[in-house]
Structure formats: C-alpha cells, structure tokens
Amino acid sequence: MCGIVAYVGHREACPLVIKGLKRLEYRGYDSAGVALMNGQGLKIYKKKGKVVALEQELDGKEIHATIGMGHTRWATHGEPNDVNAHPHYSFHRKLAIIHNGIIENYAAIKQALLKKGHTFTSETDTEVLGQFIEDIWENNGGSLEEAVRLALQEGVGAYAIVIMSEADPTQLIAARKGSPLVIGVGDNEFFLASDATPIVEYTKDVIYLNDYEIAVIKNGELKVVTLDNTTTTPYVHKVELELEAIEKGGFDHFMLKEIFEQPRSIADSMRGRVQADAGTLQLGGLRDYLDKLAKSKRIVIVGCGTSWHAGLVAEYIFEELARIPVEVEYASEFRYRNPIIKEGDIVIAISQSGETADTLAAIELAKSKGATIFGVCNVVGSSIARATDAGAYTHAGPEIGVASTKAFTAQVTVLTLMALAAAKRKGTISDSLFRQLLAEMESIPAKVEKVLQAADKIKEIAYIFTYARNFIYLGRGLNFPVALEGALKLKEISYIHAEGYPAAEMKHGPIALIDEDMPVVVIATKDSSYEKVVSNIQEVKARKGRVIAITTEGDTHLPGMVDFTIEIPKVHEVLMPLVSVVPLQLLAYDIAVMRGRNVDQPRNLAKSVTVE
Ligand code: G6P
C-alpha cells in the first residue's frame, strides 16, 4: 500500500526511481508520480494508473537529475486521479512531498491554512502536510529540517514521508511513524524506499528508520534525529535479499513462481531448526520464552487475511499437541474491543509483511495489557517483528504476488514447529509422536513437489470452471481453514464470489445455493473426518452440485462419486494443510489467468496494508 522511492547521489535519478517504483508495484496502488530537480527547478510528473502510464507521461521531458523521488499511491483521501497522485507541491512550490499513511488531523490543519489564504489543488491529507511544513519553514525562519520536526510534532496519524526542496538540490528529508522506510547507504549516494527491494541491486547496507525519527540527507551526509531533536546513531544492517529473489525467473507471474517455490520455502522455514534424525527441534528466537509459551494459560492469535487463516490452522495444532486453549482473532476486531488479557497469556501476531496496521495496533494493545507477544513474520526487520518480545521468522523469501501463497505455508510450518516445541517442553506429546512429526515435516517439501506435478491436470479442471459465478469450498478440522484460504485465493485474483465453510455447517445455509451450476471444492483427504466429509459430498451430489474433491492418493471410492478429483500424497493429519492448500492455490491461479485477470496485482488489493 503506497510505495516510496527516493535517490540522491551521482546516478540518473529518474530511471532509478521508476525502476524502484516497479519493484514496489506488488504493494498495490492506483496512481504514480515522481519529483525531480535539475536546472529547470523542482518538477513533478504524475499520472493515474500504472507506472508505465507515468513513463509515457515522462516521455520527451527533461528528466536529467541526480536527485529525485517517486511514489505509488493507494487512494485513501480522494479518488485515484492525476491530481491526488503524489508528489504534491507545497503552496509556494518550495518543496515537494510524498507520503505513505494517513494524517488523521489533517482537516483541522487545513482549516487553519485556509484561514491564512492557502488554496489546495488535491483532496489529500498529504498536500495539507506539505503546505503546513512550508508555512512553518517560511514563518519560523529556521531550517527545513526544523520545520519538518515541528510539523510532525503536530501531526496525528501514521506516516512515512520524503521531502525535497528547491532550496537545496543535495537534500532529502524523510521521517517515519508507523509506516516503513528503509535507507540504503551507498558510496556517496543514498536511497530511500518502503522496503529493501528497490535498493538491493545498488547496496546491501541499509538502515531501518524507527518511529519518530527524521533522516536528513544533505551534502552526501546522513543525520538521524528524533522528533524531539536528539541525534541518534543509526545501525547499518546487511540485507541478505538477492536480486533474483525479487524477479520472475521465467514464470509468467510472481504468484506462480511463489506457488512453485514452496518445496524450497517450506524447507527454508525448517532449515537449522528441525533435526529429525536426532529428534531435536530448536527455535532460536523462542529459546528464552519457550517456558512461558509452554506454561501459558491461553494463546490469542491475531492476524489479517491469509495470516488469520494460518492462525486458524495453528489453533487446531496447538490445542491438539500442546493442550493450550487458543483463540484466533482478526486483528482489526481485537483492537477495537476491550479484550480480556490476563497474566500468563501469550499473543502470537502473524504477518507476512510485518507492517499490517491493524496487526501492529493489536500488538500495542495486547502489550499495554501485559501480554507477552510472539511474532511470526516474513519480512526481516519489519515493524511487527521489532514490536514483539520473541518470535520466529518464516524465511519464505520475498513474496511479491498480492495473493499470499508461500507465506501461508511458511507460517503454518513455523507455527507447527512452535506448537511442537511447546508440547515437548510441556510433556503433552509422546517422544515417538514428536519424532514421527519431525520426520513427517521433513518429508513435506517432497510431497508438495508431487502436488505441483499435477499442475496440468488442475489447469484442465480450471478451464472447465473458468466462467463459474460462484464457488463453495468445504473442509473439516484442519482442512476447514484451508477451505477458507482456497476461497480467499479465488475471490482475490479471479473476482469470482467464493465462500469457505466447515463441511457439516453447509446444511445450515449454503446448501440452499447448490444446484447444477454450483462448483463445490471439497477437501476430502483420508483423515479422521473422512467418512463425515464423504456424507457431506453426498449431500451436495444429491442436489446436483459439481464436486471437485481433493483426495488422498489411492482413494478409489471418491473418483466414482464426484466430478473431478485432485490427488495429494498421504500426510499426517496435523500437517495436512501444508499440502492440501497447494492444489487450491493452483486452481485459483489458473482460473484467474484464464479470465484474463491481473493475477499479481488484483484490483483494489494491497500487499502491505499500512492503513487500518
Ligand atoms: C493483505 C494481503 C493479504 C494478506 C493480508 C495480511 O490483505 O493482500 O495477502 O494476507 O494483507 O497481511 P500480512 O502482511 O499481515 O500477512
């Protein structure tokens, strides 16, 4: 959601910024713009639509510059159009600003500026902030840095901003509170971006700006100060991200690449943690907190979207193996109630991006009530990872497709390891089951690989259902959250209405929808609910619904009963979601491609939801 890229140094800024914006396209946006400074002064170019539309707009313009910044906007205040796109000039055009986040008290600031005779060209809160900074700068007589600091002391809300001013072609000022901002430190050059992806091809040295910090880059030097003007010494991290990890590598879409990466990404989530031969399991980030987890009276899991589904899977596993009661909450609901958190409660926050605003706010609330917070994040150094007491990274590698795939299986992998570690410490799992599950975990990558070999068959089924208007997904037990996830994948990228349901619950409502035009995907693997699910399938078939069943290899019963089957290898029931979700990801992908959808950047969705 909103992407920021800025550069100052010796290179051509415009192509670098445009390339960076393309790397951030996955975050989701609806317009794009750049600000450049050269002999012609501070120039802004912006356009509704994709970055390619902005490139066309720049065609033939004088774009030579060694300082510049760019932005992809996901509309919050004002519709997506050329005018509301960022950057925005200030009132006297002395500065330009780009912003990710929301300034909540912008209306009051705007009123005060209107009284002073200001006019506004856009409907955005960002333009108000830019004008406010310029107004302070003009009237206080101090530096721009000071004006930014004073303005941000007044601003309520979340932001990552970057400012360029006509007065100084060597200066970029950036600040953050609640929205991510990374500074790349090169040789006499600096890069700013919402995440490291636009930066890694130039430098691996990055600084993650903290909340309430302002970075001032001027004359080739970087200074970081806090909002109350204390200078801090930033820590320079080495990013491990490789360029190839953020490119498509021969696949048609990032989503397909990420689905096919799962054998590796699941293995990476376990790497160095599981030693099945020795029967040992270590989670470094949990070491000092494992006792607390094992002794906890209750676990509350918070997350959004696919991460919430991973939480639902974890609920079954923690309760089954570690016998700890678990509640799973949408972060957005949790934060706006008065949740009961008692001493000894553990909150696990799950987030691929580590930046989801609602999940971050849920953490802050739980912390204020005394809970210990564990994080399960994919993006290293992200805000959520830094806000938690302990945790385990998923190590799935960058996920670029908006619809989450490999992050889900990595989250489930890590949560399963956490449950196993807690169960072992608590003594609620037998040694033999512990060892058996570790060995089964190690076999999961090969089993997922086997499912991927059925890709062509899944494509044929997808072809038949390309023009369906609705879908129902059914599953029981651990496969119920998988049904929810399968339905979510389909609606996100194909725009077909799809609902996930616990298979037995179908008869309390959705059964009314079933006729010969209703495809029903049923996860009917050979597990403890198998017989019950078969009965549910019969209920669907009796009403002429068309059933696509995900079955266990060697099941000879279901093929004669349903319309289509997709076989998956036999897996221990507790680990089933890691394998059963994969055909559903492929089915959603194929249908979306056949419908001509923009699979990696579906309409209206954002990868990293940094506003509530
Ligand atoms: C957005 C994304 C989803 C993701 C959800 C939670 O809606 O489009 O794919 O599951 O946010 O994101 P998080 O980064 O916290 O896992």
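Counting starts at 1 for both ligands and their atoms, following the listed order.
Shortest non-hydrogen contact noted between Ala215 and Ile183 is CB-CD1, 3.6 Å.
Taking 4.0 Å as the cut-off, Ala606 counts as a neighbour of ligand 1 on heavy-atom distance. Residue contacts with ligand 1 leave out Leu605, since none of its heavy atoms falls under 4.0 Å from the ligand. Within the structure, the closest approach of Ala403 to ligand 1 does not fall below 4.0 Å when heavy atoms are considered.
Close approach of ligand 1 to Thr306 is summarised as follows: ligand atoms under 4.0 Å from at least one heavy atom of the residue are 10 (O). In the vicinity of Val402, heavy-atom distances shorter than 4.0 Å reach the ligand 1 atoms 8 (O), 9 (O). Residue-ligand proximity, Ser404 to ligand 1, at heavy-atom distances under 4.0 Å covers atoms 9 (O). Under a 4.0 Å criterion applied to the non-hydrogen atoms of Ser351, ligand 1 contributes the atoms 13 (P), 14 (O), 15 (O), 16 (O). Near Gln352, with a cut-off below 4.0 Å to any heavy atom, the atoms of ligand 1 are 13 (P), 14 (O), 15 (O), 16 (O).
Summary of contacts: the protein heavy atom closest to atom 6 (C) of ligand 1 is Cys304 O, 3.3 Å. In terms of protein heavy-atom proximity, atom 15 (O) of ligand 1 is nearest to Thr356 OG1, 2.4 Å. Of the protein's non-hydrogen atoms, Val609 CG2, 4.0 Å is the one closest to atom 11 (O) of ligand 1.
A salt bridge links Arg23 with Glu247; the closest basic N to acidic carboxylate O contact falls under 4.0 Å. A salt bridge does not link Lys342 with Asp345: every distance from a Lys NZ or Arg NE/NH1/NH2 to an Asp or Glu carboxylate oxygen is 4.0 Å or more. With salt bridges taken as basic N to acidic carboxylate O contacts below 4.0 Å, none links Glu25 and Lys607. By the 4.0 Å N-to-carboxylate-O rule, Glu355 lies too far from Arg27 to be salt-bridged with it.
For a threshold of 3.5 Å applied to N or O pairs, the pair formed by Ser307 and ligand 1 contains at least one separation below that value.
With Glu319 contributing its side chain and Val326 its backbone, the two residues share a donor-acceptor pair below 3.5 Å. Side-chain atoms of Ser179 come within 3.5 Å of backbone atoms of Asn100 as a donor-acceptor pair (strictly under, hydrogens ignored).
A 6.0 Å sphere centred on CG of Leu243 holds more than 12 heavy atoms belonging to other residues, nucleotides or ligands.
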